[in-house]
Protein chains: 2
Amino acid sequence: MTDTPRPTKDRLIHSAATLFRTRGYHGVGLADVLADAQAPKGSLYHHFPNGKSDLAIAAATWASDEMLRLIAASFDGAKTFEAGATTLCYKLAKLFDKTGWDTCPIAATLFEGPDSTDMRAHASHIYEGWIAEVLDHAGRLGLSEDHAKAKAEHLFVLIQGGWMLARARRSSDVLRTLTSQL
Amino acid sequence: MTDTPRPTKDRLIHSAATLFRTRGYHGVGLADVLADAQAPKGSLYHHFPNGKSDLAIAAATWASDEMLRLIAASFDGAKTFEAGATTLCYKLAKLFDKTGWDTCPIAATLFEGPDSTDMRAHASHIYEGWIAEVLDHAGRLGLSEDHAKAKAEHLFVLIQGGWMLARARRSSDVLRTLTSQL
DNA sequence: TGCGGAATAGACCGATTGGTCTAGGGCGTG
DNA sequence: CACGCCCTAGACCAATCGGTCTATTCCGCA
């Protein structure tokens with residue numbers, strides 16, 4: 001944290017992801033990101049020629065990868081779909097408590113961003129990736145194709161909605177009871 | 001739309017609500033609101049002495065009232081809780097198609113706004129108001145208190161999450177299938 | 001008809017925005 | 001040593017930000 005063995009580009013992505021998640025795309029100035037990452041403006045435009053929008057996409061992709069890892073970690077050892085889903089919800093609740101009451105990082109950085117169709121499309125792509133990952137595990141755990149698809153989408157909806165209510169209440173409790181509604 | 005018999009204050013609120021909903025609090029400049037409402041800056045600061053933040057709260061409150069009306073309209077003639085919930089989801093799907101793929105107006109204007117605790121608290125208050133309204137109808141329709149509370153929260157979660165998925169997919173279909181998961 | 005507050009109108013302000021540009025530092029390779 | 005390249009560094013820019021301020025118009029009431 002104090003010292004920075006991490007390369008500048010990674011620091012920029014990490015800072016951007018954190019800041020966008022908490023204050024939204026337009027709520028964060030480049031100056032904020034640069035200060036947090038302790039990098040000069042020149043470096044930013046060297047690594048991200050298109051500036052803020054490039055940075056946002058990189059940050060969202062990074063956040064998405066973290067989520068995919070979380071899904072995999074939850075379902076990998078699970079005996080049933082419900083067990084995996086429950087683990088995921090508990091892991092998310094823990095994450096919620098650790099990071100504070102932020103938005104879904106994808107929504108905050110891509111949906112709130114400039115009108116560019118690319119960003120919206122990228123956000124959609126990321127979300128479908130999450131659902132596909134869950135779908136994969138659902139199939140592996142023996143659910144029929146139709147059933148698996150419905151379950152995967154349902155879990156996504158529950159998590160997104162539950163996260164929002166948790167944020168409003170500043171409490172991760174909702175997330176932990178989510179799985180009972182599957 | 002073209003002509004404006006509506007008083008300036010209402011026009012400001014309406015424009016602000018629409019713009020905040022589509023681009024988020026920080027994504028909208030006062031100039032945008034003023035242009036859309038065809039009002040000079042002087043009027044804005046006359047009606048909303050605290051400027052943008054006052055405007056945001058008024059816009060969110062207005063949007064919330066619309067939602068409360070929608071809930072009431074859905075449940076008023078309903079014979080069962082499920083019937084009311086289904087009607088609400090269908091009404092929201094229709095609204096989604098009409099307004100385009102915007103965020104939840106409350107989240108866009110209050111959560112993305114400045115750090116001020118007031119705004120977050122107000123958002124939370126509005127959400128709980130929605131849940132309370134549904135809870136009211138649930139009780140009236142014969143559900144036990146515990147059961148009603150769980151159902152009301154569950155419906156909120158489904159709608160919030162479903163709306164987000166609908167937005168990513170640019171399709172209101174998800175919203176219409178939501179009720180089958182109650 | 002004239003008074004007085006409500007509302008409109010927009011010029012103006014300093015601060016901050018995202019983005020561009022030039023200069024220089026660090027280092028592996030010839 | 002010196003060349004060239006990757007990256008750092010930050011001064012600088014026009015545009016826009018939210019907000020303040022004064023002047024003017026509108027309109028109900030006496």
Side-chain angles (χ1 to χ4, degrees), chain A residues 2-60 108-116 118-119, chain B residues 2-60 108-116 118-119:
Chain A
T2 54
D3 214 22
T4 54
R6 216 166 7 181
T8 306
K9 187 172 182 178
D10 290 0
R11 265 181 297 135
L12 284 169
I13 291 178
H14 185 258
S15 295
T18 305
L19 289 169
F20 284 154
R21 185 192 340 132
T22 56
R23 307 216 303 265
Y25 182 85
H26 290 291
V28 176
L30 289 188
D32 300 323
V33 179
L34 295 174
D36 191 79
Q38 298 208 60
K41 195 166 276 192
S43 300
L44 197 162
Y45 280 88
H46 172 76
H47 294 291
F48 306 96
N50 286 335
K52 199 180 185 183
S53 54
D54 267 11
L55 185 59
I57 288 181
T109 66
L110 297 184
F111 274 130
E112 304 294 339
D115 309 319
S116 92
D118 302 356
M119 288 216 178
Chain B
T2 53
D3 213 22
T4 54
R6 219 172 357 187
T8 306
K9 187 172 183 180
D10 289 0
R11 266 182 296 137
L12 284 169
I13 292 179
H14 185 257
S15 295
T18 305
L19 289 170
F20 284 155
R21 183 188 346 129
T22 57
R23 308 214 304 263
Y25 181 85
H26 289 291
V28 176
L30 290 187
D32 300 322
V33 180
L34 262 20
D36 190 79
Q38 297 206 62
K41 195 167 277 193
S43 299
L44 197 163
Y45 279 88
H46 172 76
H47 294 292
F48 304 97
N50 286 334
K52 199 180 185 183
S53 54
D54 267 12
L55 186 58
I57 289 182
T109 65
L110 298 184
F111 274 131
E112 305 293 340
D115 307 320
S116 91
D118 302 355
M119 289 215 176

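Throughout, protein chains are lettered first and strands after them, A, B, ... in sequence-line order, and every chain is numbered starting at 1.
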Could you tell me how far apart B:Y45 (OH) and C:dG10 (C1') are, to the nearest whole angstrom? 14 Å
Rounding to a whole Å, what distance do you find between B:L44:CG and D:dT20:P? 12 Å
Please check this pair: side chain of A:S15 against backbone of A:L12, looking for a donor-acceptor N/O pair closer than 3.5 Å. no
Using a 4.0 Å heavy-atom cut-off across all strands, classify B:V33 as base, sugar-phosphate, or nothing. nothing
Out of C:dT8, D:dT8, C:dG19, minimum distance to the side chain of A:T8 belongs to D:dT8
Could you tell me how far apart A:Q38 (CD) and D:dC7 (P) are, to the nearest whole angstrom? 19 Å
In terms of side-chain geometry, is the basic nitrogen of B:D32 or B:R23 positioned less than 4.0 Å from the acidic oxygen of its partner? yes
Looking only at N and O atoms, is any donor in the side chain of B:K41 or the base of D:dG19 less than 3.5 Å from an acceptor on the other one? yes
Taken to the nearest whole Å, CZ/A:R11 to P/D:dA9 is 8 Å
Whole Å only: how far is the CZ atom of A:F20 from the P atom of C:dG18? 8 Å
Starting from C1' on C:dG18, measure out to NE2 on B:H26 and report it in whole angstrom. 16 Å
Nearest non-hydrogen partners of A:F20 and A:A108, listed with the distance: O-CB, 3.4 Å
B:K52 has its side chain closest, among C:dG10, D:dG19, C:dG18, to D:dG19
Separation of atom CG in B:L34 from atom P in C:dA11, rounded to whole Å: 13 Å
Among D:dC17, C:dG10, D:dT8, the nucleotide that comes nearest once only the side chain of B:D32 is considered: D:dC17
As a test of reading the structure: which of C:dT8, D:dG10, D:dG19 is closest to the side chain of B:H46, going by heavy atoms? C:dT8
Under 4.0 angstrom, heavy atoms only, what part of the nucleic acid is A:G29 near: base, sugar-phosphate, or nothing? sugar-phosphate
Assess the residue pair B:F48 and B:S53 against the criterion (side-chain contact (heavy atoms from CB on, under 4.5 Å)); give the C-alpha distance rounded to whole Å, side-chain angles, the decisive distance to 0.1 Å, and a yes or no. CA-CA 9 Å; B:F48 304 97; B:S53 54; over 6 Å; no
Between C:dA9 atom P and B:L12 atom CG, what is the distance in whole Å? 11 Å
Heavy atoms from C-beta onward define the side chain here; which of D:dT8, C:dG19, D:dC17 lies closest to that of B:A31? D:dC17
Do any N or O atoms from the side chain of B:K41 and from the backbone of B:A31 form a donor-acceptor pair under 3.5 angstrom? no
